[in-house]
Amino acid sequence: MIKVLFVCLGNICRSPLAEAIFNHKLHNLGLVQKFQSDSCGTSDYHIGELPDERTIACAKRHQIPINHRARQLNRVDIREFDYILAMDQSNKQNILELIQKCNLQHEQLYLIREFQPDANHLDVPDPYYGGEDGFENVYQILDKSIDKFLEHLKVEHQAYV
Ligand code: 4NP
């Protein structure tokens, strides 16, 4: 079982959508049994909340099931997850600070847009203070990035995926 964690700031916009898209693609590929995924935020702002209603609307528009309650990243996540995918450089910095504070190591910490071939920059823009179109933009970025991430997993775990 390969464990994948998606991380943003609040865990109500970007990372729960990424997790939902990833799970939906796994389902379509018949790979659900091989992976376990989750998402979380580096902040404690929205612990226990459902995804933002604009995130839910976006997932619905694309017919992607979404079911998550926000939670905060913790040190156990660093040990447990094989892949940690941060939505932006600030999230990645926060993750690195936790790794250092806890004297841990992590070999597979990425920005999710490192996998997007035509990315013009490496951050998934934070849509929280914007409108619906920001969420659609996030969806398009995540959809492309996750396709390529799955290809990466295929290469890295050939016998498995
Ligand atoms: P997310 O978006 O990190 O993609 O979940 C945000 C959600 C909430 C806040 C910021 C970003 N906030 O400041 O409450």
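Note that ligands are numbered from 1 as they come in the structure, with each ligand's atoms numbered from 1 the same way.
Atom NZ of K148 has 12 or fewer heavy atoms from other residues, nucleotides or ligands within 6.0 Å.
For N137, the side chain to side chain donor-acceptor pair (under 3.5 Å) criterion is met by no residue, not counting sequence neighbours.
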Using residues 60-67 as the side-chain source, report each donor-acceptor pair under 3.5 Å to any protein atom, sequence neighbours left out, with the distance given to one decimal.
| unit_1 | atom_1 | unit_2 | atom_2 | d |
| --- | --- | --- | --- | --- |
| R61 | NH2 | E136 | OE1 | 3.0 |
| H62 | NE2 | E136 | OE1 | 2.9 |
| H62 | NE2 | E136 | OE2 | 3.1 |

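The pair D88-R14 meets the salt-bridge criterion, since a charged nitrogen lies less than 4.0 angstrom from a carboxylate oxygen. Look at D143 and K25 and you find a salt bridge, because one of the NZ, NE, NH1 or NH2 atoms lies within 4.0 Å of a carboxylate O, short of that distance.
Sorted by first then second residue, the side chain to side chain donor-acceptor pair (under 3.5 Å) pairs that include residues 122-133, not counting sequence neighbours, number zero.
Within 4.0 Å of ligand 1, heavy atoms belong to protein residues C8, L9, G10, N11, I12, C13, R14, Y45, H46, D126, Y128, Y129.
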